[in-house]
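The next block holds one structure in the form of structure tokens; read it before the comments.
On a predicted model such as this, the values are computed, not experimentally measured, just so you know.
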Amino acid sequence: MRRFRRHGQESHRDKLKQELYQFNKTVEHGFPHQPSALGYSPSLQLLAIGTRSGAIKLYGAPGVEFMGLHDETAAVTQVHFLPNLVELVTLLDDNSLHMWTLRAHHGVSELLEIGRFVLTGPPGAPPSVTRVTAVLAHSSGELLLLGTEGGHVFVVEVPGFREMEDKSISLESVQSRIPDDYVGRRNLQCVEALQENPLNSRQVLVGYGRGLIVLWDLDARRAVQQFLGTQQLESMWWVPDGGCVLSCHSDGSYCQWKLGEEKIQYAPHRTETPYGSFPCKAISKIVQIPTAKGPPFLIFSGGMPRASYGDRHCISVISGKTHVALDFTSRIIDFFVIQDWDRHKGDPSALVVLAEEELVVVDLLSAGWPVMQAPYLAPLHCSAITCSHHVSSIPLKLWERVRAVGQLQNTQYSNQPWPLNGGQNLAPDPPQRDLLLTGHEDGTVRFWDASGVCLYPMYKLSTSSVFHTDTDPNDNMNQGSEGEWPPFRKVGCFDPYSDDPRLGIQKIHLCKYSGHLAVAGTAGQILVLELNDEALEQAVEVSLVDLLLGQEGFRWKGHTRLEEREEPVNFSPGFQPFALVQCQPPAVVTALNLHSEWKLVAFGTSHGFGLYDYQQRNVVLIRCTLSPSDQLAMEGPLSRVKSIKKSLRQSFRRIRRSRVSVRKQHTNNPAKLQEINARMEAEALQEMELAPVQRKIEARSSDDSFTGLVRTLYFADTFLSDSTHRTASLWAGTNGGSVFAYALRLPSIERRNEDVVTAHPVKEIQLMHRAPVVGLVVLDGRGAPLPEPLEVAHDLARSPDMQGSHHLLVISEEQFKVFTLPKVSSKTKLKLTAVEGSRVRRVGLAWFGSSQTEEYGESGLVVLTNLGELHVLSLPHIKMQVHYSCIRREDISGIASCVFTKHGQGFYLISPSEFERFSLSARWIVEPKCLVEVPLPPSTSSASPTAYRTQPDGMAVKHRKDNEESAVLQQIQKALEGDQTTHVENNMKIKPRRGNVMSNGD
């Protein structure tokens, strides 16, 4: 019928879709997965992190974020900012160098790759000659020094990546100036470190793996001084006053070398092994920074005694008599020190440590060196994420209360401002306050401010105090014992080990109007909590619910339930539990819903569902959904894994036995034997369950396992018995395609504490194709979804239309079907494509506002399939509007973790530690908008006259010119910041390009 529609109507609808829907992946929240490199620009105040997957991420002030991705999938091994510029260079483990720049475009900065370079050696040279092991970005901003595995140092001009052969430092020229007995005994090995003289930029230190350190003059092209170390070199540090050099070694020692004395030093001025004479692990990096009035700070990573603490990941900080070994729970990637340049003293103000699982910033200005709470890069996976729940448009009162109780938990953090403040956040203030709640394996629920670009931690709720666990609440893991050596201090919050996996949170439901929260766990526990601003000591009332209703023939083979505390428990300010519902058998809670207006909580497992009245603290309803074929549901998750392994093992044993017997009977007929073997293998493969994408879509029988598993629960005030009297109702959908409807009789408000709530069954629907029911929605007389509880009472939604007929939308994995109420007769349906194996995995209701007209908007049903595709369907007609490809179909965990917001956005896990945020709405988009400007040059009296050269991106770069040009070029820069893109394009046409790669200027 499409060809008979009028063209005008189609074009108008298409235009309206463009105003309503627009798909964007906007920002990544959390901590980068598998970080591999760290960089820092003191002039830009930007932090850079490279990952093993080839991503590069930049962070500055809160809201200032950039992300780039190398075309290669190689890991980023080093990141270096060019001093006083907006460029940085990355080194990948495929030995390629890449240059990036922050280019201004339409008033905001973009991170762009502008060049790629691979070091080439002489013809016939082995790969080790050009394998880059150390990089030094020269302070001039025009040179890169590349130390290689073969011991050579190549000098490359940037941004054109032109090799300057006349300035290179060959291994032969270094060896020729060293005593023969030293060279003869030792192979110098690779270049481990490069350092520039802080007082003379034309001199550099070259450190070789075998311990040799050479001071080289770039202009004279000769060695000025040699330091003949004998221990394996790990890293070097040139003290800012230029008087001495520190080298750290693989035996856990560091050495101090004096400059300006004899030309060849055979031994260091001083050697220290900080943690004793027993064998120690290597010190991988060392830094020493003087202070204006006190002793210097000595900071190094590693060096722990190998036998006793070889498994510790530590950074030691020493200043005077204060000595602390910061103990991290994951491997240390790198660290740097931020100096307090604002007061022109250069005192160290913060230590920034990138560990494998988190970023830790230590305040070096405050007493005790406390940790600073980061406004971004939060380790979402400090305990593994098990579920998530998003709540939009939080009322201001609840928001302030949650923030207040969260601040009470953060007294151990530093009060100093965040030290990384580079760039300007130009994004508008969020239009609303949004919360993202994540449930974790250790029984905690974490509240995150998800309103803007930064996912900021607000509050942490722990449920373990309700139960008896192996942990001692009085244990303080952050402090070492008195007199302990080394003086350990636990830092960071990453702790992947759960004391009891049964504590894991599986479902969360928060009512933003009443402040009530329901959380459900792995062992069938459902906690009802209420927000309290004061500490409270109380006992939690427990209700046991037998979902089997005493049925014979079922025996639970899974884990036991958690043992609750009978005595009163001290609860700190925040969400405090007052009621506990314990399901029997203690299976994983698969569905949860809370109706704060009716004071009811509905819960479901693989055995049935129940209804709990948390005002009167009694159970209203229990319904067992098990069928005689659901014996698998009695085994629990661990037993399920064991049974699969056992069945596969038995199948292959049966095959082997059959083959042995067949060989005995048909030893003389190899063709017959091959045919029988092929047939048996095919039969075994048919018994195995295929992946979700590969399953053939067909009608399911009632004999399928887990048919009684409850997938969704829904409260509705609608017409259930007749078309004139509306009633409160509870709807439940199961894995076997069944829908159960119960009418609820609620007492009046005056009698709510005296009269009990009752429930009786009214309707039951069985879908013919028996596909799992993943969602239920009741539409009012206008075709709009019913509002949330208390939403109308707070004047945040209009009252539902009770005059017209209501409809029930049943969403199964394979189709969307609309039934009329109260007759429950089928009205319309929409099937998903069965050929591709597409099945519904996640559904959500969203309001899509027009990007052109504030007054217009439409309700839509957002659907995510097992193929990773997003669909938006119109309500109430269930017509497909748009569809986008969002997640890879192989990313099963990402699809399972997806959660939708009420305004057309969503989150899903792209790694255990990162959420990807996306938007389907053309009006509501949360994405970074920031600008990074070129830093002013450092004012030095001894420096040669410098000025700025203009680049195609509108930035200024340090170059030897007359000082008189700086004012003129600053005016050009201001014009370019005003989005003068024409001038930028002209500059790009005029500037010559050097080499075969794209450069960003002369």
Side-chain angles (χ1 to χ4, degrees), residues 34-38 77 133-134 185-193 207-213 227-237 245-257 267-288 297-319 321-337 351 353-358 360 362 369 477-492 494-497:
Q34 294 181 331
S36 54
L38 176 68
T77 57
T133 55
R185 285 189 302 110
R186 311 180 66 82
N187 177 15
L188 298 185
Q189 291 191 350
C190 65
V191 177
E192 286 287 351
Y208 293 89
R210 285 297 187 184
L212 173 67
I213 301 174
F227 310 94
L228 307 184
T230 57
Q231 289 294 335
Q232 183 80 23
L233 180 70
E234 295 289 329
S235 183
M236 299 184 304
W237 175 258
V245 173
L246 297 179
S247 63
C248 54
H249 303 276
S250 61
D251 63 344
S253 67
Y254 70 90
C255 303
Q256 185 184 69
W257 306 84
H269 178 71
R270 185 166 63 95
T271 300
E272 292 283 345
T273 304
Y275 294 111
S277 57
F278 292 103
C280 295
K281 296 191 70 175
I283 296 179
S284 57
K285 184 175 181 178
I286 191 166
V287 170
Q288 180 173 305
F297 275 81
L298 179 67
I299 304 172
F300 58 88
S301 59
M304 288 291 118
R306 189 178 296 275
S308 304
Y309 304 106
D311 58 342
R312 299 286 186 102
H313 311 287
C314 295
I315 289 184
S316 300
V317 183
I318 305 172
S319 179
K321 295 183 179 180
T322 308
H323 185 159
V324 173
L326 303 174
D327 189 8
F328 296 82
T329 55
S330 59
R331 185 174 63 91
I332 295 167
I333 305 297
D334 200 355
F335 71 90
F336 63 83
V337 178
L351 168 66
V353 183
L354 176 66
E356 199 167 35
E357 304 292 352
E358 61 185 326
V360 178
V362 180
W369 300 335
M477 299 297 293
N478 292 329
Q479 301 297 334
S481 60
E482 189 73 22
E484 182 185 17
W485 185 261
F488 291 116
R489 193 181 95 192
K490 206 82 170 178
V491 291
F494 176 72
D495 184 11
Y497 305 107

With side chains defined as the heavy atoms from C-beta onward, is the minimum distance between Phe328 and Val360 less than 4.5 Å? yes
State, to 0.1 Å, how close Ser253 and Thr273 come at their nearest heavy-atom pair, and which atoms those are. CB-OG1, 3.5 Å
Do Leu228 and Leu212 come within less than 4.5 Å of each other through their side chains, counting heavy atoms only? yes
Just to verify, what does Glu356 make a salt bridge (Lys or Arg N to Asp or Glu O under 4.0 Å) with, not counting sequence neighbours? Arg52, Arg331
How far apart are the closest heavy atoms of Ile286 and Trp237, and which atoms are they? O-CB, 3.3 Å
Are Leu326 and Val362 packed together at the side-chain level, in the sense that at least one heavy-atom pair is separated by less than 4.5 angstrom? yes
With sequence neighbours excluded, residues passing ring-ring contact (aromatic ring centres under 6.0 Å, His included) with Phe335: none
Determine which pairs satisfy side-chain hydrogen bond (donor to acceptor under 3.5 Å, both in side chains) with at least one residue from residues 297-308, sequence neighbours left out, and list them in order. Ser284-Ser301
Determine, stepwise, if the pair Phe300 / Leu246 fulfils side chain to side chain contact (heavy atoms under 4.5 Å, CB included). CA-CA 11 Å; Phe300 58 88; Leu246 297 179; over 6 Å; no
Donor-acceptor pair, Lys281 side chain versus Met304 backbone, under 3.5 Å? no
On a heavy-atom basis, the closest approach of Trp369 and Thr322 is CH2-CG2, 3.6 Å
Angle class for the Trp485/His323 ring planes (parallel below 30°, perpendicular above 60°, tilted otherwise)? perpendicular
Nearest-0.5 Å distance that lies between atom CD in Glu192 and atom CD1 in Ile213: 11.5 Å
Of all heavy-atom pairs linking Ser235 and Lys285, the shortest is CB-CA, 4.0 Å
Has the side chain of Ser330 got a donor or acceptor atom that lies under 3.5 Å from a matching backbone atom of Glu357? yes
Taking Ser250's backbone N and O only, do any of them form a donor-acceptor pair with Gln231's side chain (distance below 3.5 Å, no angle check)? no
Kindly indicate whether the side chain of Pro274, heavy atoms from C-beta on, has any atom under 4.5 Å from the side chain of Leu298. no
Shortest non-hydrogen pair, Ser247 vs Leu233, comes out as CB-CD1, 3.7 Å
Quick check for you: to the nearest 0.5 Å, what is the distance between Thr271 atom OG1 and Gln256 atom CD? 9.5 Å
Closest heavy-atom contact between Pro486 and Ala325? CB-CB, 4.4 Å
Only counting residues at least two apart or in another chain, list the ones meeting ring-ring contact (aromatic ring centres under 6.0 Å, His included) with Phe227. Trp257
Side chain Thr329, main chain Phe494, donor-acceptor under 3.5 Å: yes
Does any non-hydrogen side-chain atom of Tyr254 lie less than 4.5 Å from one of Glu272? yes
Gap separating the CG atom of Asp334 from the CG atom of Leu38, nearest 0.5 angstrom: 5.0 Å
Under 3.5 Å, side-chain donor or acceptor atoms of residues 312-319 against the rest of the protein: list the pairs with distances, not counting sequence neighbours.
{"unit_1": "Arg312", "atom_1": "NH1", "unit_2": "Asp327", "atom_2": "OD2", "d": "2.8"}
{"unit_1": "Ser316", "atom_1": "OG", "unit_2": "Tyr275", "atom_2": "OH", "d": "2.4"}

Those residues at least two apart in sequence (or on a different chain) that pass side-chain contact (heavy atoms from CB on, under 4.5 Å) with Ala134 are Val191, Leu194
